[in-house]
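Just below is one structure, and these are the notes that go with it.
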There are 2 protein chains.
Amino acid sequence: MKPTIRDVAKMADVSISTVSRVMNTPESVVESKRIRVLEAVEKLKYQPNSFARGLIYKKSFTLGLLIPDIENLYFAGVIRGMQDACIKLGYSLMICNTDRDKNRLLSYIDNFHEKQVDGVVFASDVLYPEYYEKLVGCRIPFVLVSSHSDEFDVPCVEIDDEAAAYDAVKFLIEIGHQEIGMIGFNHNDSISGPPRYQGFVRALTEFGLERNSCNIKYAAHRFEHAYQAAHELFTDYPELTAVFCVADEFAMGTISYLKDRGILVPGQVSVVGFDNIRMAGMFVPKLTTIAQPTYELGYRAAEKLHELVTTGTVEIVRERMNHKLIVRESSREK
Amino acid sequence: MKPTIRDVAKMADVSISTVSRVMNTPESVVESKRIRVLEAVEKLKYQPNSFARGLIYKKSFTLGLLIPDIENLYFAGVIRGMQDACIKLGYSLMICNTDRDKNRLLSYIDNFHEKQVDGVVFASDVLYPEYYEKLVGCRIPFVLVSSHSDEFDVPCVEIDDEAAAYDAVKFLIEIGHQEIGMIGFNHNDSISGPPRYQGFVRALTEFGLERNSCNIKYAAHRFEHAYQAAHELFTDYPELTAVFCVADEFAMGTISYLKDRGILVPGQVSVVGFDNIRMAGMFVPKLTTIAQPTYELGYRAAEKLHELVTTGTVEIVRERMNHKLIVRESSREK
DNA sequence: TTGAAAGCGCTAACAG
DNA sequence: CTGTTAGCGCTTTCAA
C-alpha cells in the first residue's frame with residue numbers, strides 16, 4: 001500500500017494537519033517538527049494522493065492535446081513545445097492521437113471530461129460544430145493550434161498561411177518560373193487548405209500569371225496521395241517547371257514521383273514544400289520549404305490555454321507567429 | 001460548476017446510491033428509476049468525478065509511456081499501438097517524451113507517481129539502475145518495449161535484434177557484396193547497439209568475411225550524425241560497396257552523404273536500413289530495410305503491462321516479435 | 001503553532 | 001430494489 005498522510009503523521013508523531021502544512025506552507029511549521037515530517041516523507045517516499053487533492057482543488061493540473069496524426073512529424077514539434085510549457089507551468093499533458101476519426105476524437109473528449117483535464121489544445125484540424133459543442137457542453141476550456149475558427153470565437157495560435165503560401169510562390173516566380181502548379185489540401189476537411197490556395201493565387205495574380213491558377217491537384221495528408229496527385233498534375237500539365245506543395249510530405253511524394261518518371265529535381269522541376277519538418281533537411285534533394293515554428297506554436301498554445309484556464313479569458317484571441325522561407329536544394333533558377 | 005451525483009439524484013428524485021448504481025450496475029435498478037436517472041445524466045452531462053472514484057478504487061485507469069524522442073518516427077507506431085490497446089482495455093495514456101534527458105525522465109516518474117498511474121511502459125532505452133530503483137521505490141509496475149534488461153528481471157517485448165541484423169547483412173552478402181560496412185549505435189547508451197553489432201559479425205563470419213568486422217562507425221540517433229559517420233566510414237574504407245545501417249534515419253543520412261559525394265545509391269553502394277519507418281518507402285531511393293512491427297510492439301506492451309497490473313505477474317517475461325526484411329530500391333546486386 | 005473535525009464526490013456495506 | 005451512512009486521503013476552517 002502507498003503511504004498516506006496518516007502514516008507520515010504517525011511516524012513523525014504529529015497530526016495530519018501538520019503534515020499537510022509542511023507539504024503546502026512549510027514556513028508555518030516550527031523547524032523541529034518540519035524536519036521530522038520531511039524525514040518521514042523521505043523514508044516512506046510519500047507523495048500526496050492527487051485524487052484527494054483533486055477532489056478539493058477541483059483541478060487536475062493536467063492538459064489535454066488532440067492531434068490528428070502522430071505519424072506526421074509536424075506534430076512532434078508542437079508536442080515538444082507544449083510539453084516544455086507544461087513542465088514550466090506545473091501541468092501534466094495527455095496526448096491523444098485521433099487518426100482523424102470523428103468518433104475517436106469525440107470519445108477522447110469524454111475521456112478528458114471524465115479525467116477532469118483543466119483544458120485542451122486542439123491541433124491543426126477543422127473545429128466542427130460537434131466538437132465545439134461537446135467541448136463547451138463539458139465546460140472544458142480550449143484553444144486551437146495551427147487552426148482557427150471563423151464560426152466560433154475560440155482563441156488560437158497559428159501562422160499566416162495565406163502569406164506563407166504567397167511567399168513560397170513568389171519565390172518560385174522570382175527565380176524565373178512561369179509554369180507553376182500546386183498540390184494542395186482538400187478544402188472541405190482542412191483548415192489551411194483555403195488560405196494557402198489563396199496565397200498561391202495572389203502571388204500568381206500579382207505577377208500576371210493567373211493562367212496558372214487552375215494547375216492544382218489535391219491530396220489527403222500522406223505522401224502516397226501526393227505521389228498520385230503529382231501524377232495527375234503532370235499528366236494534365238506536362239509543361240510545369242515548378243510546383244508548390246502545401247506540406248513537406250507532399251513535396252517528398254512529388255519528388256519521389258518525378259524521380260520515378262525520370263524527371264530531375266531541381267534540374268527540370270523545382271519543388272517547394274511547407275512545414276520544414278525535421279526530415280526536410282535530409283531528403284534527397286534537401287527541401288526548399290516554408291518553415292513553421294512548430295515548437296513555439298505548441299509552447300504558446302499551452303501558455304494561452306493556461307491563461308484561459310486561470311483567468312477565464314485571453315488577451316489576444318487570434319495570435320499569429322512568423323513563418324520563414326528556407327531555400328535548400330529542391331528549387332533552382334529557371 | 002460541474003454537476004455532482006447529488007444534482008442528478010435530486011433531478012431524478014432518487015437517492016445518490018441509486019444514481020451510483022445506474023452508473024455501475026444498471027441492471028440492479030428498476031427501469032422506471034433508471035430511465036429518470038439516465039435522463040438527468042444526459043441533461044446535466046453528468047460524468048462521475050474520477051478523483052472521487054480514484055480515491056475509492058485506488059486506481060487511475062491511466063498508463064504512462066516514456067519515450068526517448070518523439071521526433072523519431074519509430075515511436076509513432078509504438079504510440080499508436082499502445083493507444084489502441086489502451087482504448088480496448090479502458091485505460092487512458094500519458095505520453096512523456098524524455099528527449100533522452102535523465103533528469104527529465106526521473107521527474108516524469110515522479111509525475112506518474114503523483115498522478116498515480118497504474119503502470120508504465122518504458123520504451124527503447126537502457127534501463128539504468130536509477131530508473132529501475134525509482135520505479136520500484138514508487139511501487140509502479142512497468143514493462144519495457146524495444147528494450148530489455150540483463151541486470152533486472154523486467155518483463156519486455158522486443159524483436160530479436162541480433163537475428164534481424166544478421167538477416168540484413170546476410171542479404172547483402174547473398175546479393176554479392178564482399179566489402180561491407182556498418183553504421184551502428186554507440187554501445188554504452190543504446191540497448192540494441194550490441195546485438196545488432198553481433199548479428200553483423202555473425203553474418204560476416206559465417207561467410208568468411210571477418211575482415212569486414214571492423215568497418216564500423218558509430219552515430220547518435222539523428223541523421224546528421226549518420227551523415228558524419230558515413231563520411232568517416234568512407235574516408236577510412238573507400239572500397240565499401242554496401243553499408244548496413246542500424247536505423248532508417250542512419251540509412252537516409254548515409255545516402256544523403258553519398259549523394260553529396262556523387263556516389264550513386266544503389267548504383268555504386270547498397271544501403272540497408274532498420275525499422276521501416278513510414279518515410280522509408282518515400283525516400284529517394286526507397287529504402288531496403290528491416291521492418292519492425294512497431295504498432296504490434298506497442299499494443300503488446302500495453303497488454304502485457306495490463307496483465308502485470310491486474311494479476312501482479314506476467315506469463316512470459318521476455319517476449320519476442322518477428323522482424324522482416326523488406327527489399328526496395330536502395331540495394332542492388334553486385 | 002497546532003490539532004480536531006468537516007467535507008470534497010463517490011462507492012459499498014448495511015438495513016429496510 | 002432502495003436509502004442511509006461510513007469512509008477513501010487530503011485541505012482548511014476553527015479553536016485552543
Side-chain angles (χ1 to χ4, degrees), chain A residues 1-38 40-41 44-62 90 110 112-118 138-139, chain B residues 1-41 44-62 90 112-118 138-139:
Chain A
M1 273 301 303
K2 298 209 164 151
T4 74
I5 197 171
R6 245 167 270 279
D7 299 316
V8 179
K10 203 170 295 170
M11 178 176 284
D13 195 30
V14 295
S15 74
I16 61 167
S17 338
T18 299
V19 176
S20 175
R21 285 191 193 95
V22 343
M23 298 307 287
N24 299 292
T25 50
E27 62 286 358
S28 71
V29 175
V30 285
E31 186 165 358
S32 62
K33 295 196 181 185
R34 190 185 352 167
I35 290 177
R36 282 190 348 242
V37 170
L38 257 13
V41 165
L44 296 168
K45 280 198 192 303
Y46 168 72
Q47 268 276 1
N49 182 316
S50 67
F51 296 137
R53 277 188 140 155
L55 210 43
I56 294 164
Y57 294 137
K58 292 173 192 346
K59 287 202 60 176
S60 60
F61 292 98
T62 299
D110 276 332
F112 285 155
H113 187 200
E114 188 210 323
K115 289 272 158 62
Q116 331 260 322
V117 302
D118 300 331
C138 292
R139 306 170 191 74
Chain B
M1 273 301 302
K2 297 208 167 154
T4 73
I5 198 172
R6 247 167 269 279
D7 300 315
V8 179
K10 203 169 296 171
M11 178 177 283
D13 195 31
V14 294
S15 74
I16 61 166
S17 348
T18 298
V19 176
S20 176
R21 284 190 194 96
V22 344
M23 299 308 287
N24 298 292
T25 50
E27 61 286 358
S28 71
V29 176
V30 285
E31 187 165 355
S32 62
K33 295 196 180 183
R34 189 183 6 180
I35 290 176
R36 273 173 18 224
V37 170
L38 257 13
E39 280 172 0
V41 165
L44 297 168
K45 280 198 193 302
Y46 168 72
Q47 268 277 2
N49 183 315
S50 68
F51 296 136
R53 278 187 140 155
L55 211 42
I56 294 164
Y57 295 136
K58 293 172 191 345
K59 287 202 60 176
S60 60
F61 292 98
T62 299
F112 286 154
H113 187 200
E114 189 209 324
K115 289 272 158 63
Q116 331 260 322
V117 301
D118 299 332
C138 291
R139 305 170 194 74

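These numbers come from the heavy atoms of this one structure, side chains and all, not from hydrogens, waters or symmetry mates. Owing to the predicted nature of the structure, the values given are computational and were not obtained by experimental measurement. Every chain is numbered from 1 and lettered A, B, ... according to where its sequence line falls, protein lines coming before strand lines.
A close approach under 4.0 Å does not occur between any side-chain nitrogen or oxygen of A:Asn49 and OP1 or OP2 of D:dC8. Phosphate contact (OP1/OP2 of C:dG9, side-chain N/O of B:Lys2, threshold under 4.0 Å): absent. Residue B:Thr4 has no polar side-chain atom (N or O) positioned under 4.0 Å from OP1 or OP2 of C:dG9. For D:dT2, one of the phosphate oxygens OP1 or OP2 lies less than 4.0 angstrom from a side-chain nitrogen or oxygen of B:Lys33.
Atom-to-atom, CD1 of B:Ile16 to P of D:dG7 comes out at 15 Å; the value is rounded to the nearest Å. Atom CG of B:Leu55 and atom P of D:dA6 are 17 Å apart (whole Å).
Side-chain N or O atoms of A:Gln116 include one that pairs as donor or acceptor with a backbone N or O of A:Glu114 at under 3.5 Å. Proximity of a side-chain donor or acceptor of B:Arg36 to a complementary backbone N or O of B:Asp13 within less than 3.5 Å is detected.
Summary of the strand contacts: A:Arg6 and A:Arg21 both lie near DNA chain D, and taking for each the nucleotide with the nearest heavy atom, the more 5' one is attributed to A:Arg6.
In this structure, B:Val29 reaches the sugar-phosphate backbone alone: every heavy-atom distance under 4.0 Å involves primed, P, OP1 or OP2 atoms, never a base. Using a 4.0 Å heavy-atom criterion, one finds that B:Thr18 contacts the sugar-phosphate atoms exclusively. At a threshold of 4.0 angstrom between heavy atoms, the contacts of A:Tyr57 are confined to the sugar-phosphate backbone, with no base atom among them. A:Ser17 comes within 4.0 angstrom of a nucleotide base, judged by non-hydrogen atoms across all strands.
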